[in-house]
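Since the structure is predicted, the reported quantities are computational estimates derived from the model, not experimental observations. Residues take their numbers from the sequence shown, with the count starting at 1.
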Amino acid sequence: MENNETQQLPRRLSVATAVATGVGGILGSGIFRVPAEVATLAGTSGGMLLVWVAGAALTLCLALSLAELAAMFPQTGGIYVYVREAFGNLAAFVLGWTFLLINPAAWAAIATVFAEYLGQFVAMSDGQRRVVTVALIVAVTVANYRSVRLGAGVMNFFSFAKAVALVSLV
């Protein structure tokens, strides 16, 4: 194991931002898009509830597994470290590159859902929705590039907005 002193990143985020990041990751944009499909495919309200409970149980298992791994390997790098420890450097390298390829697609999906919902309030053509999608990705990228705290503020705002929207629906 390498020296933990050399692997520490500066701590610039608050506990509130860490919670907002977790909430933002768990309450992804899919929660606003998927329920109608789940209800249709499940067929009954009981079936739909069972699907959501099963999903919550799986999510809890993942969260507890990641918490245990974080306690076992308190190093900078998150999932990369866990894969490296379990499967070696090559697998961790491939995971790192996979992240670089998959994350932009996830960002595009999230921004697209945002633009579609914005289109419910402001009349937009498909081209205008695409422009909003790209502008949102660029704006969030610039905020994160500009400073960690500004990026954290954006994350806090959107996580809070998602939580408020869900609570208001419930």
Practice task
Start with the C-alpha distance between L62 and L58, add both sets of side-chain angles, then the distance that settles side chain to side chain contact (heavy atoms under 4.5 Å, CB included), and finish with yes or no.
Solution key: CA-CA 6 Å; L62 174 63; L58 286 173; over 6 Å; no
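E85 pairs by the salt bridge (charged side-chain N to carboxylate O under 4.0 Å, His left out) definition with nothing, not counting sequence neighbours. Every residue meeting the side chain to side chain contact (heavy atoms under 4.5 Å, CB included) condition with V142, not counting sequence neighbours, appears here in chain and number order: V138.
A continuous path of ILVMFWY side-chain contacts below 4.5 Å connects V38 to L166, so both sit in one hydrophobic cluster. Hydrophobic clustering (side-chain heavy atoms under 4.5 Å, transitive across Ile, Leu, Val, Met, Phe, Trp, Tyr) groups F87 together with L95. Side-chain heavy atoms closer than 4.5 Å link hydrophobic residues (I, L, V, M, F, W, Y) into clusters, and following such links, even through other members, never connects F157 to F160. Note on V83 and F93: separate hydrophobic clusters, where clusters join Ile, Leu, Val, Met, Phe, Trp and Tyr whose side-chain heavy atoms are under 4.5 Å apart, directly or indirectly.
Here the CG atom belonging to L136 is positioned 5.5 Å from the CZ atom belonging to F158, to the nearest 0.5 angstrom. To the nearest 0.5 angstrom, I137 atom CD1 is 12.0 Å from F114 atom CZ. W107 CH2 to T141 OG1: the interatomic distance, rounded to the nearest 0.5 Å, is 6.0 Å. Atom OG1 of T133 and atom CG of L118 lie 9.5 Å apart (nearest 0.5 Å). To the nearest 0.5 angstrom, E116 atom CD is 9.5 Å from M124 atom CE. Note that CG of N89 and OH of Y80 are 5.5 Å apart. Values are rounded to the nearest 0.5 Å.
In this structure, the side chains of S14 and T17 come closer than 4.5 Å at one or more pairs of heavy atoms.
Of the possible donor and acceptor atoms, none in the side chain of S159 sits under 3.5 Å from a partner among the backbone N and O of N156. Looking only at distances, no side-chain donor or acceptor of Q120 sits under 3.5 Å from a matching main-chain atom of Y117.
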Side-chain polar contacts of residues 66-74 - donor-acceptor pairs under 3.5 angstrom, sequence neighbours left out - could you list them?
none

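Minimum heavy-atom separation, V132 to A115: CG1-CB, 3.9 Å. Here the shortest heavy-atom pairing between G151 and N144 reads CA-OD1, 3.4 Å. Taking each heavy atom of S147 and L150 in turn, the nearest pair found is OG-N, 2.9 Å. Here the shortest heavy-atom pairing between A42 and G47 reads CB-C, 3.6 Å. When all heavy atoms of V81 and G77 are compared, the closest pair comes out as CG2-CA, 3.8 Å.
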